[in-house]
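The chains referred to below are lettered A, B, ... by the order of the sequence lines, with proteins before strands, and numbering in each begins at 1. Quantities reported herein were computed from a predicted structural model and do not represent experimental measurements.
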Amino acid sequence: MEMTGAQILLKCLEKEGVDVVFGFPGGAVIDIYDEIPNSSVEHILVRHEQGAIHAADGYARATGNVGVCLVTSGPGATNTVTGIATAYGDSIPVVVFTGQVPTPLIGNDAFQEVDIVGITRPCTKHNYLVKDIKDLARTVKQAFYLARSGRPGPVLVDLPKDVITASCEFEYPEEVHMRSYNPNVKPHIGQVRKVADLIRKAERPLFYTGGGVISSRSHEELVWLADNLRIPVTSTLMGLGAYPGEGDMWLGMLGMHGTYAANMAVNNCDLLLAVGSRFDDRVTGKISTFAPHATIVHIDVDPTSIQKNVSVHVPLVADCKAALGALKRELKPSLDQVDCGEKRRDWIDQVTQWSQEHPLTYIDESDSIKPQYVVEKIYEITRGDAIIATEVGQNQMWAAQFYKFKGPNSLLTSGGLGTMGYGFPAAMGAQRAFRDKLVIDIAGDGSIQMCIQEMMTVVCNKLPVKIVILNNGYLGMVRQWQELFYDRNYCETCMDAQPDFVKLAEAYGAAGFRITEKKDVESTLREAFALDKPVIVDVRVAREENVYPMVPAGASLTEMLLV
Amino acid sequence: MSKHTLSVTVENEPGVLSRVAGLFSGRGFNIESLNVAPTLEKGVSLMTIVAEGDDQIIEQIVKQLRKLVPTVKVRDLTELDSVDREMVLLKVNAEDSKRAEILRIVDIFRCKVVDVSPDELTIEVTGDQGKITALINLLTRFGIKEIARTGNVAMMRAMQSSL
């Protein structure tokens with residue numbers, strides 16, 4: 001049956017199982033919007049294209065499925081670039097459809113024309129300009145396949161207006177065949193045996209896990225290996241939730257704002273099992289002193305991650321789930337012969353001692369509200385059953401430190417790119433995916449103002465996202481650096497001039513609360529979380545509270561500033 | 001730091017050259033020359049890239065090239081038995097008094113004169129890096145007015161074991 005490009009696109013989305021698209025219309029995509037009412041795909045109208053891409057990203061992180069975003073040409077497309085780079089930084093599967101001027105006008109500086117394929121080439125896994133309607137269905141199929149397979153990532157498809165108004169027979173390919181794209185997902189059995197042997201022999205092994213464990217859904221394998229083999233676990237920011245925050249083997253996050261126990265464990269382990277993590281500079285600190293006594297094993301589906309930042313002794317290129325599953329099969333039979341509890345008793349005692357000597361802590365006060373206290377209360381109230389989004393900065397680190405993530409896909413945060421303004425629209429995407437779940441954006445007063453316009457979207461779409469602003473009147477993380485390393489020169493980080501967040505919430509039709517007394521924190525949060533509507537809770541926290549521990553940039557992980 | 005010659009086959013699709021070039025510029029890798037042309041196989045082009053770096057950088061370049069979706073195959077020819085050639089056009093000052101000597105050099109190096117004017121010769125030379133460098137060194141003293149180089153093209157030698 002002959003269909004227009006717009007009809008074909010929507011049919012393709014239906015076939016890919018897409019139930020929702022976050023977007024914003026414009027001249028170049030008007031024909032697609034004309035067809036949306038005839039499709040089963042729901043469209044959520046955002047108030048800025050950056051909101052659309054972050055929402056699609058949040059949807060993807062919360063569900064593990066591909067998030068989809070639809071915007072118009074020119075400024076519509078460029079407004080998604082930050083969000084695309086955010087998804088790229090954290091390997092999140094997102095497909096972005098952008099409108100484009102008609103093919104005869106491409107390159108002529110037409111109205112609202114921009115070379116979005118050129119602009120996004122370095123920050124997409126791949127991108128396409130569809131020049132012929134006959135290529136449309138195949139391209140969409142490939143885009144979804146690329147986004148979700150191998151190391152996931154954002155894929156952009158640019159759609160010229162004449163392609164979406166043209167017609168042709170619709171045929172959706174059953175399978176994707178790309179001779180040039182064959183990600184290696186199966187582990188090499190020889191390497192698996194080598195790693196298993198190292199694990200058997202290690203006296204002080206340590207798991208260092210990343211977002212790859214979550215995107216490959218290998219958390220169950222990780223928990224099994226860690227618990228049965230008595231291997232402590234630390235993770236990157238992106239890996240939080242893969243191993244439960246209250247699990248026996250959990251040491252907390254490592255790196256710049258990691259725990260004392262995790263950083264000391266890295267420094268003293270004899271086997272470092274890096275799984276789906278990429279040795280980011282925020283994690284390693286000074287490379288030359290990172291894990292100095294360890295044999296390093298690196299499991300990753302992306303070969304480029306291996307040997308990029310640190311020298312690896314045993315690489316294992318594979319999907320993390322396949323690799324950890326193979327390790328489990330290899331190690332399970334020998335469990336009876338090796339008493340891991342006995343063999344690693346000293347090591348477990350040592351890390352436990354580090355955890356007890358220097359737990360994550362803060363100096364609580366009765367006359368001010370400490371931001372860590374607020375996060376602790378959020379955890380207590382939700383019992384770890386919420387989806388937590390964060391903005392970027394101190395709020396993000398306090399959330400990472402003091403909220404104990406129970407399971408995977410429960411933290412939405414911009415780790416790789418550090419995108420302020422990410423959390424709220426991402427929470428909106430997650431809330432759309434799980435309407436009945438409690439979704440909370442832990443925000444700073446600076447970050448929340450970057451995409452605050454999406455309040456209207458959540459109100460219109462009855463998405464009851466809760467925003468908790470840890471309001472200290474500063475761009476707090478930069479202020480912290482200025483305090484510690486720039487002689488307290490708080491240049492342009494003071495945000496005294498602020499909107500009235502309570503009135504702002506009410507102006508959008510949401511609810512607003514302000515907390516200025518410590519005694520009101522718990523009750524007000526409970527009241528806010530119980531409301532079936534979007535809420536802003538403006539918590540006035542201690543202004544110059546810092547995030548500790550802290551490893552100064554470029555220092556070794558053991559050179560921690562403690563509370 | 002050493003020079004490596006990489007042979008990269010890619011899908012011949014729009015933008016593939018800028019994907020490759022962008023990979024180098026975006027990651028701060030040095031690219032010395034890059035040559036690209038279609039192969040016998042429909043829809044596939046061959047790139048010959050000469051890049052400089054230490055082992056770790058070259059490993060990253062190879063892996064990053066493989067990671068690009070349109071990349072079919074990447075081979076580092078440096079460690080393999082391969083042939084490489086470059087073609088260069090040189091426009092050289094050639095007044096009457098120098099002309100005979102220049103032509104003698106052209107003859108020795110088995111180059112070709114492809115254009116002549118009263119005071120210039122344009123010479124075409126094909127060969128490996130050593131030959132090209134030697135010729136340029138010899139002609140420099142006459143005054144090279146213009147130079148155009150293709151950059152290396154390279155290929156693995158036929159499998160010796162199959163002989």
Open item on the list: Measuring from atom OG1 of B:T9 to atom CZ of A:R179, what distance do you get when rounded to the nearest 0.5 angstrom?
Closed with: 9.0 Å

TODO: Could you tell me whether the side chain of A:P303 reaches within less than 4.5 Å of the side chain of B:K67, counting heavy atoms only?
DONE: no

TODO: Specify the closest pair of heavy atoms between B:V69 and A:S180, including all atoms of both residues, with the distance to one decimal.
DONE: O-OG, 2.6 Å

- [ ] Might you work through the side-chain contact (heavy atoms from CB on, under 4.5 Å) test for B:L23 and A:R121, ending with a clear yes or no?
- [x] CA-CA 9 Å; B:L23 185 156; A:R121 205 167 273 141; over 6 Å; no

Open item on the list: For B:R27, which atoms come within 4.5 Å of any heavy atom of chain A: side chain, backbone, both, or neither?
Closed with: side chain

TODO: State whether the number of non-hydrogen atoms from other residues, nucleotides or ligands found under 6.0 Å of A:K286 atom NZ is greater than 12.
DONE: no

TODO: Enumerate by number any residue of residues 311-322 of chain A whose heavy atoms lie under 4.5 Å from heavy atoms of chain B; in the absence of such residues, state 'none'.
DONE: none

TODO: Without swapping roles, check the side chain of A:Q307 against the backbone of B:E59 for a donor-acceptor pair under 3.5 Å.
DONE: no

TODO: Determine whether more than 12 heavy atoms belonging to other residues, nucleotides or ligands lie under 6.0 Å from atom CD of B:E95.
DONE: yes

Task: pair B:E11-A:M178: side-chain heavy atoms closer than 4.5 Å - done: no

Open item on the list: When you measure from the side chain of A:T304 to the backbone of B:K63, do you find a donor-acceptor pair of N or O atoms at a distance under 3.5 Å?
Closed with: no

TODO: Just do the side-chain contact (heavy atoms from CB on, under 4.5 Å) check on B:L68 and A:H126 with the steps written out, would you?
DONE: CA-CA 8 Å; B:L68 291 178; A:H126 195 56; over 6 Å; no

Open item on the list: Tell me the closest heavy-atom pair linking B:Q60 and A:I306, and the distance in Å.
Closed with: NE2-O, 3.8 Å

TODO: Write out, in numerical order, the residues from residues 115-124 of chain B with a heavy atom short of 4.5 Å from a heavy atom in chain A.
DONE: none

Task: Region of A:N182 that comes under 4.5 Å of a non-hydrogen atom in chain B - done: neither

Task: N/O donor-acceptor pair under 3.5 Å between B:Q56 side chain and A:K308 backbone - done: yes

- [ ] Under 4.5 Å heavy-atom distance to chain A, tell me which part of B:S18 shows up: side chain, backbone, both or neither.
- [x] both

